[in-house]
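The structure appears below as C-alpha cells.
All chains are named by letter (A, B, ...) in the order of the sequence lines, taking the proteins before the strands, and each is independently numbered beginning at 1. Only heavy atoms go into these numbers, but all of them, side chains included; no hydrogens, no water, no symmetry mates.
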Amino acid sequence: MSGDLRDGRIVIVGASLAGLRAAETLREKGFAGSLTLVGEDPRPPYDRPPLSKQVLLGRVPAEDTGLPLRRPVDAQWKLGVRATGLDPIEKRVLLANGEQLPFDRLLITTGTRARPWPNPAEAALDGVFTLRTSEDAGRIAERLDAGPRRVLVIGAGFTGSEIASACRERGLDVTVAERGPAPLVGALGGSFGALAAKLQRAHGVDLRCGVTVTALTGNGRLTGAELSDGSRIEADIAVVALGAIRNTEWLAESGLAAGPRGLACDAGCRAFNMYGIVTDDVFVAGDVARFPHPLFEYQLLSLEHWGNAVEQAEVAAHNMVSPGPLRRPHLAVPAFWSSQFGLNIKSVGVPTFSDQVVLAQGSPKEARLVAVYGYRGRVTAAVSVNQAKSLEYYQRLIETAAPFPPEPVGTDRPEPMTPVPSDVPDPAVLSHGPTVALTGHLPDRRLTLVRR
Amino acid sequence: MAADTLFHRITDYANRADPYPLYAELRESGVTRQQDGSYLVGAYHEIAALLHDPRISSDRRNRTAADAAATCEEDLPVSFIAMDDPEHNRLRRLAMRPFGPPHTPGRIDAMHGEIARIADELIAGLRGKDRIDVVDDFAYPLPVTVICRLLGVPREDEPRFHAWTQEIIASFDPTPGEDLAERQRSGLESRRTMGRYLGELAEKRRGHPSDDMLSAFVNDEGPDGRLTQPEIMATSVLLLIAGHETTVNLITNGVLTLLRHPEELERLRRRPELMPRAVEELLRYEPPVQMLPQRSPLADIEVLGTTVPKGAPLILVLASGNRDPLRFRDPDRFDPTREDNRHLGFGSGVHSCFGAPLARLEVQLALTTLIRHLDNPRLVEDPPPYRRSPVLRGPRHLPIERDTTGT
Amino acid sequence: MNIVVDLNRCQGYAQCAFLAPQVFEMHGEEALMYLPVPPEDQLERVRRAAAACPVQAILVGEEAGADVR
Ligand SMILES: Cc1cc2nc3c(=O)[nH]c(=O)nc-3n(C[C@H](O)[C@H](O)[C@H](O)COP(=O)(O)OP(=O)(O)OC[C@H]3O[C@@H](n4cnc5c(N)ncnc54)[C@H](O)[C@@H]3O)c2cc1C
Ligand code: HEM
Ligand code: SF4
C-alpha cells in the first residue's frame with residue numbers, strides 16, 4: 001500500500017510557499033514518482049512577508065525574496081502558466097496553454113490574490129496599486145523612491161498598516177482610510193484597534209476611520225481621492241489593501257467544495273466535494289484552504305498566515321504518501337506576526353474567536369504587552385507586542401482550553417486585571433476583510449489538543 | 001534510593017566529574033522536594049516552559065525562607081539577573097545599549113580580529129612547552145582579557161577581581177551545608193568591594209569618554225535615560241563575572257570533550273567551518289552553567305504532577321534538560337553536526353544569556369586556534385580535577401601534552 | 001544562498017543581529033528584518049548566525065527553482 005503511495009504522479013497547483021514546502025516534504029517522505037509544480041506567477045517561489053516590509057522600505061529589491069530550499073525537490077516546474085480547470089473523473093489538470101496534466105494525486109495551493117479596487121476605470125489610473133506579488137511590491141517601491149507628495153492607503157488591516165509604516169519610516173506623508181472604527185480591528189478586535197490607532201497617529205499617520213473612499217480621481221494619473229465624509233485627499237499613489245480573494249475560480253466546474261471562502265477540506269487536508277463527501281486524491285493547503293479546527297469548535301478556518309501555509313503543506317504532503325492509519329491531522333495552533341512602526345506584533349490562537357480580552361502582561365504605555373482573548377470563559381488567543389518570549393505560556397493555555405480570564409501572574413502586569421469586550425466586528429463592516437475567517441459551523445464537540 | 005537526597009548527591013564534589021547519571025535519575029524521578037526544601041526540575045520541556053512562564057521569579061526576595069544572597073541595599077542593588085520584569089527589562093536594555101543591537105549592532109562582530117589576536121598571542125606564549133594547562137595558560141586568560149577590554153577594566157587588576165569573583169561564585173553555590181550562610185556573607189562583602197572598584201573606574205570616565213562600556217554607562221544617555229551609579233556598579237559586577245567565569249569552562253570543556261573524541265577533533269581541524277555548530281553541541285553536552293539555582297514560583301504551580309509551593313527554591317537543571325532523551329535523540333552522544341539543537345546552555349526566555357554572542361565568538365575562535373596549533377595533543381589526567389561549584393562546573397586544571405616539533 | 005526566517009518561531013533573541021549585523025537587523029527592540037539574499041562575503045557570518053539562533057528559526061539554502069530558468 002504505502003509502496004504504491006510513494007510512486008505515481010503528483011501535481012501541485014500553486015507554486016508558492018505552501019506548494020514548495022509540500023514538494024520538499026513529499027520527497028523527504030520518500031515520494032519517488034513524478035512531481036510537477038504549476039504556478040501562474042513566472043517567478044519561482046518567493047517569500048511574501050518581506051514585500052510589505054523590507055521591500056517597501058527600499059532595503060531589499062523585490063526580486064531578492066526567493067525562498068531557500070530545505071532539500072532538493074527534483075520536480076518539473078511549469079511557471080507562468082495558469083491552471084484553468086480540473087477534470088476529477090479523468091484526473092487531469094487543464095492549463096491555460098491547452099496542456100493537460102494527468103495526476104494520481106493533486107495538491108491545491110493556489111492561495112489568494114489582492115482584492116482589486118471595485119471601479120475598474122479608477123483602478124486603471126496610473127498610481128493605483130494592490131500588493132500581493134513581488135512585481136506589485138517592486139512597482140510600489142519604485143514609486144516610493146520617487147518621493148510622492150502623499151500616499152493613500154485604503155484599508156487598515158495588517159498589510160495596509162505595514163504599508164503605512166514603511167511610508168512613515170521613509171518620511172513620506174501618508175493617509176490611511178479605514179471603514180471600520182480603527183486599524184487591525186478585523187483581526188484583533190476593537191480594544192486592540194484603539195491601541196493601533198494611537199500608535200499610527202503617534203507616528204504621524206493621517207488616519208481616517210469610519211470613512212470609505214468613494215472615488216479615486218485623476219486623469220490617466222491618480223491625483224487624489226474623495227471620502228464618504230465629503231473630504232478630499234491629494235495623493236499621487238494609492239495602495240488598495242482591501243484584503244484577499246481566494247483563487248478558486250478555476251475549480252468552479254470541478255465538483256469540489258470551492259467558493260469565495262476557499263476550498264473546504266477535512267483535518268487531514270483532503271478536499272471535500274460539493275456534496276460534502278471527502279475525496280482521497282485531492283488535497284489542499286495554505287491560504288486557499290478552509291479546514292476544521294478542534295480548538296475552535298470545529299468551525300472551518302481560513303487563515304492567511306505564513307505559518308499555516310508551511311504547517312498545513314507539511315501535513316498534506318505527509319498524508320498524500322501515507323496510508324490511512326498513519327495520516328496526521330492539521331492541528332497546529334494558528335500563529336502569525338506582523339512588524340510595523342518598530343513593533344513586533346505576534347498572535348497565537350484566533351483572536352476573532354472571542355468575546356472578551358484582557359491585558360495580562362506589560363503596559364501599553366511602554367508598548368510591551370500581552371493581551372489575552374477569551375470566548376465563553378476559556379482562553380482562545382493571545383497577542384503580544386514586543387513580548388514574544390511570553391507567548392509560549394499563553395499558547396499552552398489555549399491548547400489546554402484554560403479558563404478565561406487567566407489567573408493574574410507575574411510582576412509585570414496591570415493591577416487589577418479587568419477583561420473588556422474584545423469587540424470583534426461583523427466582517428461585513430470592515431474595509432479589508434479579516435485575515436482569519438470563521439466560516440461554517442459544526443456541532444460543538446470538546447477536544448483537548450495533546451502536544452508532542 | 002529516595003529521591004530527596006538527589007540534590008545532595010548532585011552537589012557532592014565527588015560527583016563533579018560526571019554528574020550525568022544523576023541527572024538521568026533526576027529525570028526518572030520527576031519533580032520532588034529535596035531535604036533542603038528545594039525542588040529540582042531536570043526534564044527539557046518542563047525547564048523550557050518554566051523559563052517562559054511569567055509565574056516564575058528570578059528575584060530571591062520572593063522566597064519564603066530568608067536568604068542572605070538576596071540582600072539588597074541602597075548602595076548596591078541586586079543585578080538584573082536577579083530581578084523580574086519590568087525592572088529587569090529596563091536595566092537589561094540600558095546595559096545592552098553599548099553592547100549590541102538595536103543600538104550598537106556591530107560591536108561584537110568588530111571584536112573578531114582582536115579576539116583572534118589575543119588567542120594567537122596566548123598560543124605564541126606557549127611555544128616550546130610540551131606540557132600545557134589549558135585552563136591557566138589559555139582558557140582563563142582569553143575571556144578575562146576580552147571582558148577587561150570591553151568593559152574598560154585594567155587587565156593587571158585581575159588578581160584583585162579574581163579573588164572577589166571566587167567569593168561571589170561560592171556564595172551562589174547552593175550546596176546544602178552549614179557554611180552556606182558564611183559563604184553568602186563573604187560573597188556579599190566581595191560584591192560590595194568589587195562594585196566600589198568598578199564604580200570608581202566608571203566615575204573616572206565621566207566627562208572623559210573612551211571606547212568601553214563603563215565609559216558608555218556614565219557618559220551616554222538614551223531615550224530610557226541612563227543607569228544610576230549604584231546600578232552601574234551592580235551591572236558591571238555582573239558583566240565582569242558572567243563575562244569570563246562561564247566562558248573559561250566552555251573552552252576547557254570543549255578541549256576536554258574533543259580530546260575524548262579524537263575523530264571529531266580531526267574533523268574540526270580539517271573543516272573549521274563546522275566549529276559554530278560544534279560549539280552549540282558543546283553547550284548542550286557539557287554546559288558551563290549546569291543549573292539555575294535562583295528561581296522560585298510566585299504562586300503554587302504544578303510541574304509534572306508535583307505542586308511546587310509559592311516561594312520555594314526551584315532549581316532548573318539545564319545540563320539535565322540538555323540530555324533529555326524525550327528531546328534529543330541519542331543525548332549522551334557528542335555530535336557536532338546535530339540538527340535542530342535547541343539546547344539550554346544559555347538559558348532561555350527573558351533572562352537568556354546577555355553575552356551569548358560574545359561567548360560564542362570567543363569559544364569558536366579559541367577552539368579553532370587551539371586545535372590548529374596543537375600537534376598530537378593528549379590528556380594527562382582523565383577526569384581532570386574540577387572546580388568546586390556544581391553550578392558553574394568545569395575543570396580547575398586541564399593538563400595536556402603535545403608534540404612540540406615543528407610548532 | 002538565500003535565507004528565510006520563521007518569524008513565528010523567532011523570539012527576538014537577536015543572536016543573528018550580533019553575529020551577522022549586515023544581514024540581520026533588529027527593528028526596534030524585537031522585530032527582526034533581514035536580507036533574504038545576503039551578499040556572498042557575509043555567508044560565513046550567516047552560518048554562524050543560523051547555528052546560534054536559540055530557536056533554530058533561520059533556514060539557509062539554495063534558492064528554490066534556481067534551476068528553472
Ligand atoms: C504583502 C504581504 C505581507 C505578508 N505578511 C505576513 C506576515 O507578516 N505574517 C504572516 O503570517 N503572513 C503574512 N503574509 C501572508 C503569507 O504570505 C501567506 O499566508 C502565504 O504566502 C500563503 O502561501 P500560499 O502558498 O498558501 O499562497 P500564495 O503565496 O498566495 O501562493 C499561491 C500561488 O498560487 C498561484 N496560483 C493561483 N491561482 C493559480 C492557478 N489557477 N494556476 C496556477 N497557479 C495559481 C499564485 O500565482 C501564487 O503563486 C503576507 C502576505 C502578503 C501578500
Ligand atoms: C559560554 C559562556 C556563557 C554561558 C554558558 C552563559 C550562560 C548563561 C545562562 C545560562 C544565563 C541565564 C541565567 C538565568 O536565566 O538566570 C546567563 C545570563 C547572563 N549572562 Fe551569560 N553565559 C556565558 C557568557 C557570558 C558572557 C561572555 C557575558 C557578558 C559579556 C554574560 C553575561 C550574562 C548576563 C548579564 C546574564 C543575565 C541576563 C539576564 O538576566 O537578563 N554571559 N548566561
Ligand atoms: S537569533 Fe533567532 S530568535 Fe533571535 S532574532 Fe535571530 S532569528 Fe530571531
Side-chain angles (χ1 to χ4, degrees), chain B residues 48 51-52 89-90 92-93 96-97 99-112 222-224 271-284 336-361 363-365 368, chain C:
Chain B
L51 287 171
H52 291 267
N89 180 266
R90 182 183 72 86
R92 180 170 167 136
R93 266 203 331 244
M96 189 57 84
R97 241 179 107 74
F99 183 74
H103 194 69
T104 320
R107 177 158 214 156
I108 299 305
D109 184 49
M111 290 182 76
H112 197 287
D224 297 329
R271 300 185 51 200
E273 75 276 10
L274 295 178
M275 189 54 89
R277 283 171 73 187
V279 170
E280 300 306 314
E281 175 68 346
L282 283 170
L283 282 155
R284 184 193 72 83
T337 59
R338 188 177 286 277
E339 299 282 339
D340 196 27
N341 188 353
R342 293 189 236 174
H343 61 76
L344 299 169
F346 284 124
S348 190
V350 293
H351 287 279
S352 76
C353 181
F354 176 97
L358 175 62
R360 288 185 154 110
L361 206 55
V363 178
Q364 288 165 14
L365 289 168
T368 306
Chain C
M1 283 294 167
N2 285 16
I3 53 186
V4 69
V5 180
D6 180 342
L7 291 167
N8 282 324
R9 231 190 235 192
C10 166
Q11 299 184 354
Y13 287 104
Q15 298 301 303
C16 53
F18 272 101
L19 295 171
Q22 293 181 42
V23 178
F24 302 92
E25 187 197 341
M26 300 316 287
H27 207 70
E29 293 295 328
E30 201 178 86
L32 173 66
M33 283 210 178
Y34 60 94
L35 308 182
V37 185
E40 274 302 309
D41 65 349
Q42 294 293 313
L43 276 183
E44 193 193 322
R45 286 187 174 85
V46 167
R47 283 189 203 292
R48 274 183 213 273
C53 173
V55 292
Q56 292 292 291
I58 303 171
L59 171 65
V60 185
E62 240 16 280
E63 180 167 356
D67 51 331
V68 176
R69 286 171 305 171

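- Only the side chain of Leu361(B) comes within less than 4.5 Å of a heavy atom of chain C; its backbone N, CA, C and O stay farther away.
- Only the side chain of Met96(B) comes within less than 4.5 Å of a heavy atom of chain C; its backbone N, CA, C and O stay farther away.
- Counting heavy atoms from C-beta on, the side chains of Phe24(C) and Pro105(B) never come closer than 4.5 Å.
- Applying the side-chain hydrogen bond (donor to acceptor under 3.5 Å, both in side chains) definition to pairs two or more places apart or across chains, those involving residues 99-108 of chain B are Arg97(B)-His103(B).
- Looking at Arg360(B), the atoms closer than 4.5 Å to chain C (heavy atoms on both sides) all sit in the side chain, from C-beta outward.
- When side chains are defined from C-beta on, Ser352(B) counts as touching Tyr13(C), because their heavy atoms get closer than 4.5 Å.
- Put simply, NE2 on His343(B) and CD on Gln56(C) are 8.0 Å apart, with the number rounded to the nearest 0.5 Å.
- With a 6.0 Å radius and a threshold of 12 heavy atoms from other residues, nucleotides or ligands, Glu273(B) has its CD atom above the threshold.
- Residues Glu280(B) and Ala52(C) approach most closely at OE2-CA, 3.9 Å, considering heavy atoms.
- The minimum heavy-atom distance linking Arg342(B) with Pro54(C) is given by the pair CG-O, 3.4 Å.
- Contact annotation for Phe99(B): both backbone and side-chain heavy atoms come within less than 4.5 Å of a heavy atom of chain C.
- Applying the side chain to side chain contact (heavy atoms under 4.5 Å, CB included) criterion to His351(B), with sequence neighbours excluded, gives Ser58(B), His88(B), Arg295(B).
- Nearest heavy-atom pair, Pro102(B) versus Met26(C), reported as atom, atom and distance to 0.1 Å: CB-O, 4.0 Å.
- Interface remark: Glu339(B) contributes no atoms to any contact with chain C (heavy atom separation under 4.5 Å).
- Annotation: maximal heavy-atom pairing with chain B below 4.5 Å, among Glu29(C), His27(C), Arg47(C), occurs at Glu29(C).
- Note that the CD atom of Gln42(C) and the CG atom of Asp109(B) stand 7.5 Å from one another [nearest 0.5 Å].
- Using a 4.5 Å cut-off on side-chain heavy atoms (C-beta onward), Arg45(C) and His112(B) make no contact.
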